[in-house]
Chemist: 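One structure coming up, written as structure tokens, with questions to follow.
Only this structure's heavy atoms are used, side chains among them; waters, hydrogens and symmetry mates stay out. Heads up: numbering here begins at 1 and tracks the sequence. Just so it is clear, the model here is predicted, and its values are computed rather than measured.
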Amino acid sequence: MELCTREEARKSFLAAMDCFAYARNNAMLKISEYHDPRSSFYAVAAALWLVGFGFALMPLEAYEAESFLLAVLCVGACVICVLAMASLSALRRAIVSTWIVWLALGFWALAGLSVALSEIPFVSFIYFCFLSVFPLSAFLVAACGGSSALLKPLGYGAAAVFGGLALSCLAQYFFMSEMLFYGVVSWPLANPNSLAGLLSLGFFAAMGWMLALSGRGQSNVALVLAALLAAAILTTGSRGAMVAMIPALGVFLWGVRAHLGRHKRCLGALVGACILAFVAMGALSPLGAKSPASIIETTLSGAQSALWNRPAIWASALEIFREHVWSGTGIGTFFLYYPEVRSVDDPSTAGLMVHSDPLQFAVEMGAFAPIVFYSFILMAIWMSVRALKKLPLDDVRRVYILTPFCALMALVIHAHITFHFHVLSILMVAGALLGFWFLQVSAALHGCIQENEEPYCNPCIRWALAFPVVGVLAIFSQFQASEILVSRAQNGLMVGAGEAYANKINRAGRLSYNQNARALVAATHLPLGIVQLNAPLMPRDDLQALEGQLRSLLDRAERTNPRLAQIYFARAEMAATIQPFLAGQDLVHGRYDVAEELRKALALDPLHLGSRMKLADLFLRRRRNEEALEILGPGLNWRYKTQRPRLFLEKTYGLARQLERDDIAEKAAIEFARYFPQEKLSGMDGENE
């Protein structure tokens, strides 16, 4: 009797739950009659993307690492919002619908595989997340199915940001010459070519906006925006961006030729505004600013072109590629391999990028990466041609297709001599344009339109798609926070914050799961400093324990990043400081050769002045002055962008004069004058000033 009562109670409970679920579903359906929750989620996604784009511009140089972290997190949050509400048919089209999507996923998979094969997975993983904002931005636009709830706020917000950027460029050029980068505008980005590439994307979008609208009001707004962006591109002085825009603009105007007649006044006004800006920059350019006319003259004369250094970088990159043909070095690691093969014909660049994105893809991700990259481009051209053939000449959808296509065309052309696909803000905008292009081409070819699918169904599929995004963002946040803590700790150490330094470095190590080699090396600085001051007074057991601790840290750092010159420099300092006070039997793992460790550091990075100076001092203490000069002399071949090498130049000059090596002394004097034009070396003759 009792069992029957329990069974009836269970059935009653289940019936009550069914009634509750039925009532809840009815209530949600009634609510959805008055309010579609997708629009709210899409509006939030658009706002997050715009906030992330603001961070991606990295306007504050001191907080670039923090801006990078926040930008990636914003893009990830956008994707989760879209996954929560996008119709499943739109998700299927955005993920596995056509060959071009499979090619995009293949390229992304190659980037992920390069992380697994990299010698420095910590660095490669961070750069993989960096690159991922491009496909993720494309996905969030494509997956919305053309919803105006996402596209409208995204478009208007981006237009406002680009308008502000253009006004900022003009203000810097005419009124804030102290902010110019060798006479041209680069802020908020670090490179004028990157800024020009970003502005060119906005210029094509403004042109498409102007031609697609029939209303005079918005067309005039788009005209003003296009004129401002064209003038802003001139302030950057980027010849590559302007040359790349010519064929892309030609294809665009030819493809939308049926729309030009209705907007001939706007086009005439735009051409007039560009001519006026060109003349004004020549006539009113302040002292120190380069006018477009002077840049053209310099280009035609063939003098002082940054392109002359490109072949040296490309040759060194090919040398790296030949050693890692199939696996690559790992995405984002070129800057760690380049110093070892750097040519003396490239004295001026920072050595961070190949200055040719397809070549850098090959170096870092292997030979298949550029093949997939160009296959994707060819597929995009083929799909665009097919779509345009299906549309009448006066169909506005031609403008929708050609606007992102030509913007990306100019970007890709320019990327062959620069590094657009390694600039976060460009990746975000280019990804959004690619997603919009995919929507329009799919609609023209397959008649794909947004479907009114119930957004509450199949939550498991949505969670399955969102879970890896959340997991990757969590790991990335820890790794990037580790990098931020290391940088802050090192900056704090300069002002004497020793206790805070140790705490930050320890947290950086924990956050990276001891995969951050910079944190591991930084953890040796305080113990080394203590030993250097107190080694003669320290008990032998303490010295031996400290030596073992330092060995462990540096060995672990070498396993996580064997390309970091600071590891071998720190090991040489440890050996020079501790080994003289310990007998051979107290060194459990044997002795380190100080000179050998310093040579390893210099082989990996010839610009590592600490190793060069310490190795030269080692020979000087042994009275081997000629060998010391042989170590110091080659250091004059490089430009030191992150430091002012006063002590190095003074020592090299003095030793060269002592050994009567006038050629080296003269070269040291010239380099000193380059870094310190208002000073002169001690003992320098007037003829060498």
Chemist: Quick check for you: to the nearest 0.5 Å, what is the distance between I295 atom CD1 and T236 atom OG1?
Modeler: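 Going from the CD1 atom of I295 to the OG1 atom of T236 covers 7.5 Å.
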Chemist: Do H608 and Q566 make a side-chain contact, defined as non-hydrogen atoms from C-beta onward lying under 4.5 Å apart?
Modeler: yes
Chemist: Can a cation-pi geometry be assigned to R646 and Y675, taking NZ or CZ under 6.0 Å from the six-membered ring centre and within 45° of the ring axis?
Modeler: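 No - R646 does not lie over the ring of Y675 by the 6.0 Å and 45° rule.
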Chemist: Using a 3.5 Å distance criterion without hydrogens, assess whether the side chain of R398 forms a donor-acceptor pair with backbone atoms of L388.
Modeler: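 Such a contact is found between R398 side chain and L388 backbone.
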Chemist: Looking at every heavy atom in both G197 and I426, which two are closest together, and how far apart are they?
Modeler: C-CD1, 4.4 Å
Chemist: If every non-hydrogen atom of A231 is compared with every non-hydrogen atom of A277, which pair is closest and at what distance?
Modeler: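 For A231 and A277, the tightest heavy-atom pair comes out as CB-CB, 3.8 Å.
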Chemist: Mind telling me whether F368 and W326 have parallel, tilted or perpendicular rings, with 30° and 60° as the class edges?
Modeler: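 Rings of W326 and F368: tilted, 30 to 60°.
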Chemist: Scan side-chain atoms only and decide if E483 and S487 contain a donor-acceptor pair under the 3.5 Å cut-off.
Modeler: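 No, no side-chain donor-acceptor pair sits under 3.5 Å.
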Chemist: Output the distance between atom CG (L198) and atom CD1 (I233), rounded to the nearest 0.5 Å.
Modeler: 9.5 Å
Chemist: Answer yes or no: is there an ion pair linking R322 with E319, defined by an N-O contact shorter than 4.0 Å?
Modeler: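 E319 and R322: not salt-bridged.
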Chemist: Pairing donors with acceptors under 3.5 angstrom, does anything connect the side chains of N516 and S482?
Modeler: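 There is such a pair (donor and acceptor under 3.5 Å, judged by atom type) between the side chains of N516 and S482.
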Chemist: Going by heavy atoms in the side chains, are T403 and Q440 under 4.5 Å from each other?
Modeler: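 Answer no - side chains too far apart.
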Chemist: S238 and side chain to side chain donor-acceptor pair (under 3.5 Å): which single residue from N193, N191, T418 fits?
Modeler: N193
Chemist: Is the backbone of M353 close enough, under 3.5 Å, to the side chain of H422 for a donor and an acceptor to pair up by distance?
Modeler: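 Side chain of H422 to backbone of M353, a donor-acceptor pair under 3.5 Å: no, none is there.
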